[in-house]
Every structure is written in C-alpha cells, then in structure tokens.
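The structure under discussion appears below in the form of structure tokens.
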Amino acid sequence: MVDHRRNQLIRKLPLSDQVFLETFGSGVALAPGTILHDAGSRSVSIYFLHDGSVSFLVVARSGALTEAGFCGNEGAVGSFYDFDSRQNFTRAVVVSGGTALRLSIDRFDQLQSQSSEFRRQIDRANNRILERAQQIAACNVTHHLESRLCRWLLQSIRESGQRIQLTQEILSQMLGVTRARINEALKTLEAAGALAQPTRGVIQVIDRLVLQRMSCECATVL
C-alpha cells in the first residue's frame, strides 16, 4: 500500500482529512513528459505528489513555452485555478516521474468546504507556487542561460535524485530558449565537470558543488 503521507501537505493534515483523501483518492504513476492539465482547460483532478516534480508552463499564442513554476511533494498540482470557471492558468508537465494521489476536483472542493485546515494548507502551497513564479520570472530576464540551467537542475535533483530523465526539447521549453542553445549550455556544464549525458534523454549530475557555484542566487530561494 502506498503511504500518501509521503506528500508533505497530506502529512500536515488532521487524521480525518487524511482518511478522506485515502478513501476518495487513487494512487497513480506519473511518467516524465505527461501533461496533467493544459492551460485554459477545465480542472478535473488534483495531484498530491509523493515524489518527482511537475513544472508549470505558460503557453503563448505562438505556441512558445516558458516555465513559470514547479511543484514537488510539498504541495498539490492543479489546486491553483480560476475559481469561477475552474480553468487552469498553465500547462502542468511531469518532469521527474514518480507516484501521486489523484483526487477529483469535486472531492477536492468538498474537502475544502468541510476542513479549514485543508484550506489553510492548500492556500500555503498555492502561495509558494506564486512566490516561485515571481522569482522565476525575474530570473528569466536577469540571469544568463548557463546559470539558469544550473538553478533548474538543482531544483530538479532536490525532488528526483542525481539522475534526470528528460529530452533537450523539454528542457528548452522549461527555460524558454532554443534546443541549440540548451545543447551548448549542457556542453559547457559537462566540460566543467558538473554533469554527464550518458544516454539520450538522461542527465546525470556529477558534482552538485559545481552547479551551486555556477548557478544564480535564485537557486537558494526556489
């Protein structure tokens, strides 16, 4: 049986709320690259991650994508939406795979209506998502690509360990640059001894200290 208390938000809830989530939620596996919801779509499910990470991407009319936040096992994916229309603001993409508890939006609203502590914890988690979005927006226009890439890798290995499975195409979307620029930046970090790319779609962090040294200061905030 999966221990849903691996999610830090669930762990802080009263036992009655935990029982509600275990009764009406279901355990699911999340593969890298899976889109949990898209920008403008109507919210259907909320995901409480046990491990791994999910990035929130802003989708421009041109189709260009830029990361505007992320969530690990400290919060809930899908809980930040327009309350009148239930529409999602961003695209949520699994970056590091893992497992999660999935809860329908109707059960989510039910628990919010009956538990003040659940509402409080969701509000805290959503405020953290908003705080990260503001920091990432500033980072994207202030710091050069290599330091932003180091910051992104540091935030990812915090949730998934030293080995990250994702393509350069997805990584270029996260950081809002071309695939060619991501390839150049990865080669720079590889030459510095920070990482290796043993196979296609895999980044292996070799030296966290090198990443920390080359990263921008946003890594300590996010």
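What you see below is based on every heavy atom in this structure, not just the backbone, and it leaves out hydrogens, waters and symmetry mates.
With respect to the salt-bridge test (charged N to carboxylate O, under 4.0 angstrom), the residues E131 and R128 qualify. At a threshold of 4.0 Å, the pair E117-R120 counts as salt-bridged, since one of the basic side-chain nitrogens sits closer than that to a carboxylate oxygen.
Taking the six-membered ring where the residue is Trp, the centroids of F118 and F108 are separated by under 6.0 Å. Ring centers of F80 and F89: under 6.0 Å apart, within the cut-off.
Using a 4.5 Å heavy-atom threshold, the side chains of V202 and Q197 count as separate. At a threshold of 4.5 Å between non-hydrogen side-chain atoms, the residues T66 and L57 do not count as touching. Here the side chains of F20 and Q110 are in contact, with some heavy-atom distance below 4.5 Å. Contact check for S147 versus S215: no side-chain heavy atoms found under the 4.5 Å cut-off. Between Q121 and L13, the closest side-chain pair of non-hydrogen atoms falls below 4.5 Å. Residues R148 and I136 have side chains not in contact (no heavy-atom distance under 4.5 Å, counting atoms from C-beta outward). Residues V210 and L195 have side chains not in contact (no heavy-atom distance under 4.5 Å, counting atoms from C-beta outward). For the pair Y47 and V28, the minimum side-chain heavy-atom distance is below 4.5 Å.
Minimum interatomic distance between E67 and N140 (heavy atoms only, all atoms of both residues): O-ND2, 3.8 Å. Taking both residues in full, the closest heavy atoms of A196 and E190 are given as CA-OE2, 3.9 Å, listed atom of the first, atom of the second, then distance. Shown here for Y81 and Q87, the closest heavy-atom pair between the two residues is CB-O, 3.4 Å. Across all their heavy atoms, G75 and L9 have their closest contact at CA-CD1, 4.1 Å. The nearest pair of heavy atoms linking G33 to I170 is CA-CD1, 4.3 Å. A pairwise comparison of heavy atoms in A194 and L211 identifies CB-CD2, 3.8 Å as the closest pair.
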Evaluate the side-chain contact (heavy atoms from CB on, under 4.5 Å) criterion for residues V95 and W152: first the C-alpha distance (whole Å), next the side-chain angles of each, then the deciding distance (0.1 Å), finally the verdict.
CA-CA 11 Å; V95 175; W152 192 91; 3.4 Å; yes

Assess the residue pair V54 and V93 against the criterion (side-chain contact (heavy atoms from CB on, under 4.5 Å)); give the C-alpha distance rounded to whole Å, side-chain angles, the decisive distance to 0.1 Å, and a yes or no.
CA-CA 5 Å; V54 170; V93 179; 5.7 Å; no

Show your working on side-chain contact (heavy atoms from CB on, under 4.5 Å) between C216 and C150 and close with a plain yes or no.
CA-CA 8 Å; C216 59; C150 288; over 6 Å; no

From CA spacing to verdict: salt bridge (charged side-chain N to carboxylate O under 4.0 Å, His left out), D207, R213:
CA-CA 10 Å; D207 195 328; R213 187 171 66 249; over 6 Å; no

Decide yes or no on side-chain contact (heavy atoms from CB on, under 4.5 Å) for H4 and Q18, but give the supporting numbers first.
CA-CA 8 Å; H4 298 300; Q18 294 183 24; over 6 Å; no

Please assess R119 against D17 for the test salt bridge (charged side-chain N to carboxylate O under 4.0 Å, His left out), listing each intermediate value before the final yes or no.
CA-CA 11 Å; R119 289 196 304 274; D17 290 356; over 6 Å; no

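The backbone N or O of R5 sits less than 3.5 Å from a side-chain atom of R11, completing a donor-acceptor pair. Judged purely by atom type and a 3.5 angstrom limit, D82 has no side-chain atom pairing as donor or acceptor with the backbone of N88. A donor-acceptor pair is defined here as one N or O able to donate and one able to accept, closer than 3.5 Å; no such pair exists between the side chain of Q134 and the backbone of R132. With T34 contributing its side chain and L30 its backbone, the two residues share no donor-acceptor pair below 3.5 Å. Judged by distance alone, the side chain of N127 and the main-chain N or O of D123 form a donor-acceptor pair under 3.5 Å. Checked by atom type and distance alone, the side chain of S115 never pairs as donor or acceptor with a backbone atom of Q112 at under 3.5 Å. Judged by distance alone, the side chain of D51 and the main-chain N or O of T99 form a donor-acceptor pair under 3.5 Å. Using a distance-only test at 3.5 Å, with no hydrogens or angles considered, no donor-acceptor pair links the side chain of D38 to the main chain of S41. Under a 3.5 Å cut-off, the side chain of T178 and the backbone N or O of R181 do form a donor-acceptor pair. A donor-acceptor contact shorter than 3.5 Å links the side chain of H37 to the backbone of T90.
Here E74 contributes atom CD and N7 contributes atom CG; the two are 8.0 Å apart, rounded to the nearest 0.5 Å. Within the model, atoms OG of S172 and CD of Q168 stand 8.5 Å from one another, a figure rounded to the nearest 0.5 Å. To the nearest 0.5 Å, atoms CG (L36) and CG (L49) are separated by 7.5 Å. Put simply, CG on N183 and CD on E169 are 12.0 Å apart, with the number rounded to the nearest 0.5 Å.
The hydrophobic clustering, which links ILVMFWY residues whose side-chain heavy atoms are closer than 4.5 Å, places V94 and L153 apart. Residue I206 is not grouped with residue M214 when hydrophobic side chains (ILVMFWY) are merged at heavy-atom distances under 4.5 angstrom, including chains of intermediate members. Linking ILVMFWY side-chain heavy atoms closer than 4.5 Å, directly or via other members, places I122 and V44 in two distinct hydrophobic clusters. Hydrophobic clustering (ILVMFWY, side-chain heavy atoms < 4.5 Å, transitive): L186 and L154 are in one cluster. Hydrophobic clustering (ILVMFWY, side-chain heavy atoms < 4.5 Å, transitive): F56 and L175 are in distinct clusters.
Relative to the ring axis of F24, R107 places its NZ or CZ within 45° and under 6.0 Å from the centre.
A donor-acceptor contact closer than 3.5 angstrom links the side chains of Q162 and R208.
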